[in-house]
Amino acid sequence: MQDYLNGLNAPQREAVTHVNGPLMIVAGAGSGKTKVLTTRIAHLMANGVDAFNILALTFTNKAAAEMKERVNKILNSNEARNLYIGTFHSVFARILRAEAHRLGYPNNFTIYDTDDSRSVIKTIVNELNLDDKHYKPNIVGSRISGAKNALIGPLAYSTDTYIQQEDLRNKRPAMAQIYAGYCARCFKNGAMDFDDLLLKMYEMLNTQPDALSKYQRKFKYIMIDEYQDTNAVQYQISKLLGAMNENICVVGDDAQSIYSFRGATIENILQFQKDYDDVKVVKLEQNYRSTQSILKVANEVIGQNKGQIPKELWTDNKVGDKIKIVRTMTDNEEGKFVSDCIQEQKLRNHYHNKDFAILYRTNAQSRAYEESLRRMGIAYKIYGGLSFYQRKEIKDMLAYLRVVVNPRDEEALKRIINYPVRGIGKTSLEKLAIVANEQNITLFETIQRSAEFGFKGGTQEALQNFVTMIRYFQTMLSEKNAYDVAVQVGKHTNLVKELFSDKTTEGLARYENVQELLNSIKYWTEIPDGEDGEVGTKDLGAFLQQVTLFTDSDTDTEDKESDVVKLMTIHAAKGLEFGCVFVGGVEENLFPNAMSINTREELEEERRLFYVAVTRAKDRLWLTFANARYRFGQLVQNEPSRFLEEMPEQFLDRSYSGGGMKNQGMNNMGGGFQHMQRGFPSQSPPPAFEKKKEPSKPATPSYLPAQPTAPKVVEHKPSENFAPSDTSNLQVGQQVEHQKFGFGTVTKMEGSAHNPIAIIEFAHNGEKKIMLNYAKLRIVE
DNA sequence: GATTATATGGTTTTT
DNA sequence: CCATATAATC
């Protein structure tokens with residue numbers, strides 16, 4: 001027997017050695033799921049299955065990379081590089097890059113991220129003359145996404161009576177029209193959004209038998225991780241791909257299903273056993289991760305949910321510390337408590353920064369932790385939130401590259417056509433868009449043929465210069481690699497130069513970010529990462545398709561071992577484990593979130609999320625909540641989360657949560673003090689009249705006439721001898737004359753040296769802020 | 001047409 | 001509080 005089987009328990013081994021036929025692994029939290037998956041892949045390969053014939057779908061790219069590494073380690077080879085492994089999205093993007101022409105898309109299709117997608121929706125809503133206050137891009141977008149993930153196309157959408165009634169009830173009768181327009185525009189732009197990567201893959205397999213057969217033959221063995229978080233499209237695809245060989249293995253835990261907002265449904269797990277005749281089911285119930293206390297608490301909480309797949313998670317580990325329940329006055333104090341606690345634990349129990357994770361329900365919560373950690377000088381890293389690739393300067397640079405690779409990409413084109421400024425403004429762009437729609441041609445083609453459509457003079461020249469420039473970059477595509485093209489683009493567009501000349505701190509950071517982007521392109525170009533030969537080119541188009549699917553946690557391979565406290569949402573923490581875990585903001589309306597307490601289903605998903613949070617911890621766990629926290633800049637009160645009441649008392653240490661007096665609140669006269677009375681052990685709710693103090697308006701008592709919003713200018717006729725003076729040395733107190741506002745006195749100087757602003761009290765026109773770079777002023781004395 | 005001051009309004013979670 | 005849409009100003 002191979003020695004890689006030695007470290008496995010009985011059910012684990014059973015799962016690993018089941019080679020042919022459908023297999024379902026129900027894997028509780030911390031039960032060695034990844035180990036089973038990697039060992040099983042290794043086992044397949046050791047038994048003669050070619051890595052090229054194995055498809056493994058994971059939930060994150062990081063997990064995929066890790067699994068590859070572990071398979072290679074087991075087999076002591078580099079064969080795992082030939083596996084088809086990654087997220088649904090990235091694997092299908094790769095396949096579609098080779099197959100997109102079958103569906104009428106360019107193989108160089110752009111992948112639209114959520115921002116791009118929202119922007120397209122905005123355009124469509126505008127073009128249909130609909131009110132974007134009513135048709136908010138986020139709402140419309142998630143509705144479209146929901147339809148796509150449920151395999152409901154625009155046509156089916158418009159004819160489904162239930163959906164139509166729903167939209168009508170929500171006063172959005174034009175949804176179907178927007179949906180259709182959105183799809184058409186994406187197609188015209190040669191672009192797929194995240195959902196399309198799944199949907200188009202499905203459409204191809206479903207409508208083109210030769211394509212289906214090709215990939216069925218290729219993927220003789222299929223494994224799907226986190227199966228409880230797959231949605232309808234993913235389910236259909238896996239069913240199609242697996243139909244021929246039925247060597248399909250799914251791994252999941254219904255208790256950890258937390259992505260229903262993305263269309264995921266637990267049904268898929270239950271359905272799996274009905275889809276195939278002889279499904280082998282293996283349950284992994286021994287937890288190797290957490291202490292007994294942590295596991296007991298987790299089991300008890302999740303037990304409140306109805307209709308679970310029956311299983312009993314147990315552990316041989318020690319009992320461990322009780323779970324600490326901590327109450328603080330405010331979110332800032334919560335942050336301070338966590339930092340203090342980390343410091344203390346490091347000293348007392350010899351932990352390192354990297355042993356700690358701070359988990360929270362919403363990204364906005366990270367701020368308070370961040371501040372206190374920084375103050376304490378504790379190294380940390382925030383995962384998720386605003387990604388590197390979402391920064392403006394990065395999106396700008398990428399937009400240029402996207403236009404070069406795929407000129408049909410209208411979103412990218414609109415972003416950069418006048419950045420840096422080249423005299424193609426809003427008006428011109430609007431005209432171009434109208435022509436493009438009339439002629440039913442792409443925006444780029446409209447620009448190319450602008451002379452035909454009556455563009456003249458400076459605008460026409462600017463347009464053609466732009467086209468020439470993009471064309472010039474395009475000629476490089478075939479000769480140069482991604483990095484060289486990108487460098488040329490940065491140089492030639494003055495984009496890099498513009499950022500370089502900005503010497504503010506933020507400007508410097510932006511410049512460095514662009515350099516970092518260029519470096520990462522270079523790195524990507526040079527490192528053959530072992531992706532198979534099918535689409536193995538390292539051209540710019542391939543890079544762009546990958547980059548949209550990257551997340552921060554995928555890219556930080558190098559500091560994997562760096563000694564930092566990790567901060568992330570609970571969603572992002574799925575599949576990870578940490579020695580010590582803080583779960584913050586365990587309050588009603590935050591966790592469970594106010595948006596998710598309207599139905600039992602929603603609440604149960606919040607509870608599963610809580611379960612996921614708790615089971616991330618190996619040794620020590622803190623659950624913290626604040627009496628009040630800032631929301632939109634205003635302090636709001638919250639009750640402790642109901643989940644805190646669902647846990648068995650004997651495993652809890654509530655000494656930190658008594659009345660909250662034990663904590664720092666007292667000393668902190670400034671912040672916490674005034675909220676003390678209100679926040680004190682749940683007496684009566686805050687009086688209603690306190691709810692909303694009239695937002696303090698600029699002190700204009702209501703009995704006085706309101707300040708005129710647009711003070712009329714008292715006409716001034718410039719003096720005979722009016723001539724603009726050199727104002728670069730203008731001083732407070734000097735008398736000046738302004739062409740329009742007349743005479744006045746400089747009362748204050750503001751702005752930077754680059755953009756000086758004088759505050760001038762005019763005799764007849766009151767106080768004005770005058771930008772000296774533009775205004776013509778005559779110095780009188 | 002570009003730049004900057006001001007109003008608005010939005011927070012769940014993510015590929 | 002923050003990020004983006006709109007209005008004001010050159």
Side-chain angles (χ1 to χ4, degrees), chain A residues 57-61 86-93 111-115 117-118 122 132-133 136-139 142 145 149 192-198 226 229-231 234 258-264 331 359-365 367-368 383-387 390 392 418-429 458-459 462 548-554 568-574 585 589-597 602 605-606 608-609 612-613 629-635 698 709-711 713 738-741 751 755 757 768-776:
Chain A
L57 297 168
T58 60
F59 203 72
T60 65
N61 288 309
T87 62
F88 277 88
H89 291 87
S90 66
V91 166
F92 295 167
I111 298 173
Y112 277 173
D113 67 12
T114 312
D115 290 341
S117 160
R118 296 296 181 264
K122 245 185 250 177
D132 61 355
K133 291 265 146 54
K136 290 188 184 137
N138 271 327
I139 293 175
S142 58
S145 175
N149 283 318
M192 297 193 198
D193 65 16
F194 286 141
D195 303 319
D196 285 333
L197 294 176
L198 310 177
E226 308 282 9
D229 283 321
T230 53
N231 60 32
Q234 292 167 325
I258 54 175
Y259 277 91
S260 73
F261 68 93
R262 229 165 75 182
D331 47 356
L359 308 181
Y360 34 80
R361 177 70 235 271
T362 66
N363 283 304
Q365 288 167 252
R367 175 181 299 269
Y383 290 80
L386 202 74
S387 129
Q390 286 179 319
K392 185 188 176 306
N418 202 31
Y419 181 77
V421 178
R422 55 169 71 82
I424 306 172
K426 217 171 90 183
T427 324
S428 310
L429 199 59
T459 308
T548 317
L549 300 171
F550 281 166
T551 59
D552 278 355
S553 55
D554 296 326
M568 65 187 88
T569 63
I570 300 162
H571 282 90
K574 194 170 81 148
N589 294 325
L590 185 60
F591 194 15
N593 195 269
M595 308 294 285
S596 308
I597 47 177
E602 284 175 351
E605 177 148 325
E606 292 288 302
R608 290 193 293 270
L609 194 57
V612 169
R629 69 176 57 240
Y630 281 95
R631 200 160 186 251
F632 296 139
Q634 260 182 335
L635 208 59
T709 43
V713 173
H738 187 275
Q739 268 186 307
K740 217 192 280 176
F741 300 139
N755 180 30
I757 297 167
K768 298 275 178 199
K769 288 187 176 184
I770 305 292
M771 283 183 279
L772 298 181
N773 286 349
Y774 302 101
K776 293 187 179 66

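First the proteins, then the strands, lettered A, B, ... as listed; each starts at 1.
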message = Please report the distance, rounded to the nearest Å, between CG in Leu359(A) and P in dT14(B).
response = 12 Å
Check: protein-nucleotides 5-7 of chain C nitrogen or oxygen pairs below 3.5 Å:
residue, atom, partner, partner atom, Å
dA5(C), OP1, Lys122(A), NZ, 2.8

query = Looking only at atom P, what distance separates dT13(B) and dT4(C), rounded to whole Å?
reply = 16 Å
ask   = Donor-acceptor pair, Gln634(A) side chain versus Arg631(A) backbone, under 3.5 Å?
value = no
ask   = Among dT13(B), dG10(B), dT12(B), which nucleotide sits nearest the side chain of Asn363(A)?
value = dT13(B)
Which residues share a ring-ring contact (aromatic ring centres under 6.0 Å, His included) with Phe92(A), sequence neighbours left out = Phe88(A)
Ser142(A): partners by side chain to side chain donor-acceptor pair (under 3.5 Å), with sequence neighbours left out = none
ask   = So which one's nearest nucleotide on DNA chain B is more toward 5', Ile424(A) or Arg262(A)?
value = Ile424(A)
inquiry  = Distance criterion of 3.5 Å, no angle test: do you see the side chain of Thr362(A) paired donor-to-acceptor with the base of dT11(B)?
reply    = no
inquiry  = Between Ser117(A) and Asp193(A), is there a side-chain donor-acceptor contact under 3.5 Å, judged purely by atom types and distance?
reply    = no
query = OP1, OP2 of dT12(B) versus side-chain N and O of Thr569(A): anything below 4.0 Å?
reply = no
request  = Measure the distance from NZ on Lys426(A) to P on dT3(B) and round it to the nearest whole Å.
outcome  = 14 Å
request  = Write down the distance between OH (Tyr112(A)) and C1' (dT15(B)), rounded to a whole number of angstrom.
outcome  = 18 Å
key: Whole angstrom value for the distance that separates C1' of dT11(B) from CG of Asn589(A)   = 13 Å
message = Considering every strand and a 4.0 Å limit on heavy-atom distances, what is the contact class for Arg631(A): base, sugar-phosphate, or nothing?
response = base
inquiry  = It should be established whether Lys136(A) places a side-chain nitrogen or oxygen under 4.0 Å from OP1 or OP2 of nucleotide dG10(B).
reply    = yes
inquiry  = Is Asn61(A) close enough to dT15(B) that one of its side-chain N or O atoms is under 4.0 Å from OP1 or OP2 there?
reply    = no
key: His571(A) side-chain proximity, nearest of dT13(B), dT11(B), dT15(B)   = dT13(B)
key: Leu549(A) CG - dT14(B) C1' separation (whole Å)   = 12 Å
request  = Starting at atom CD of Gln234(A), determine the distance to atom P of dT14(B), rounded to an integer number of angstrom.
outcome  = 16 Å
task = For Asn138(A), answer base if it contacts any base atom (sugar-phosphate contacts may also be present), sugar-phosphate if it contacts only those atoms, and nothing otherwise; contact means non-hydrogen atoms under 4.0 Å.
result = sugar-phosphate
ask   = Does the side chain of Thr427(A) get closer than 4.0 angstrom to OP1 or OP2 of dG1(B) through an N or O atom?
value = yes
request  = Identify whether a stacking contact exists between Tyr259(A) and dT13(B), where the ring centres must be under 5.5 Å apart and the planes under 30° apart.
outcome  = no
Qualifying residues under side chain to side chain donor-acceptor pair (under 3.5 Å), relative to Asn363(A), sequence neighbours excluded = none
query = In terms of the nearest nucleotide of DNA chain B, which residue is placed more toward the 5' end: Phe632(A) or Thr87(A)?
reply = Phe632(A)
task = Could you check how far CD of Gln365(A) sits from C1' of dT12(B), rounded to whole Å?
result = 10 Å
Which nucleotide in dT15(B), dC1(C), dT12(B) has an atom nearest any side-chain atom of Met595(A) = dT12(B)
request  = Please check the phosphate of dG1(B) (OP1 and OP2 only) for any side-chain N or O of Asn418(A) closer than 4.0 Å.
outcome  = no
task = Using the six-membered ring for Trp and the full ring for Phe, Tyr or His, decide whether Phe261(A) stacks on the six-membered base ring of dT13(B) (centres under 5.5 Å, planes under 30°).
result = yes
request  = Could you pull out all residues at least two apart from Asn589(A) that satisfy side chain to side chain contact (heavy atoms under 4.5 Å, CB included)?
outcome  = Ala594(A), Ile597(A), Asn638(A)
request  = With sequence neighbours left out, write down each residue that passes side chain to side chain contact (heavy atoms under 4.5 Å, CB included) with Asp115(A), or none if nothing qualifies.
outcome  = Asp113(A), Gln390(A), Lys395(A)
remark   = Applying side chain to side chain contact (heavy atoms under 4.5 Å, CB included) to Ala264(A) and not counting sequence neighbours gives Asp229(A), Tyr259(A)
task = Would you check if there is a donor-acceptor pair between the side chains of Arg118(A) and Asn138(A) at a distance under 3.5 Å?
result = yes
remark   = Stems with DNA chain B, 3 or more Watson-Crick or G-U pairs in a row (under 3.5 Å), are B:1-10 with C:1-10
message = Lys392(A): which residues meet the side chain to side chain donor-acceptor pair (under 3.5 Å) condition with it, sequence neighbours left out?
response = Asp396(A)
inquiry  = From OH of Tyr419(A) over to P of dG1(B), roughly how many Å is that when rounded to an integer?
reply    = 20 Å
Which nucleotide in dT11(B), dA2(B), dT12(B) has an atom nearest any side-chain atom of Ala364(A) = dT11(B)
Any Arg367(A) side-chain nitrogen or oxygen under 4.0 Å from OP1 or OP2 of dC2(C) = yes
query = Taking Glu605(A) for the side chain and Glu602(A) for the main chain, is one N or O donor matched with an acceptor at less than 3.5 Å?
reply = no
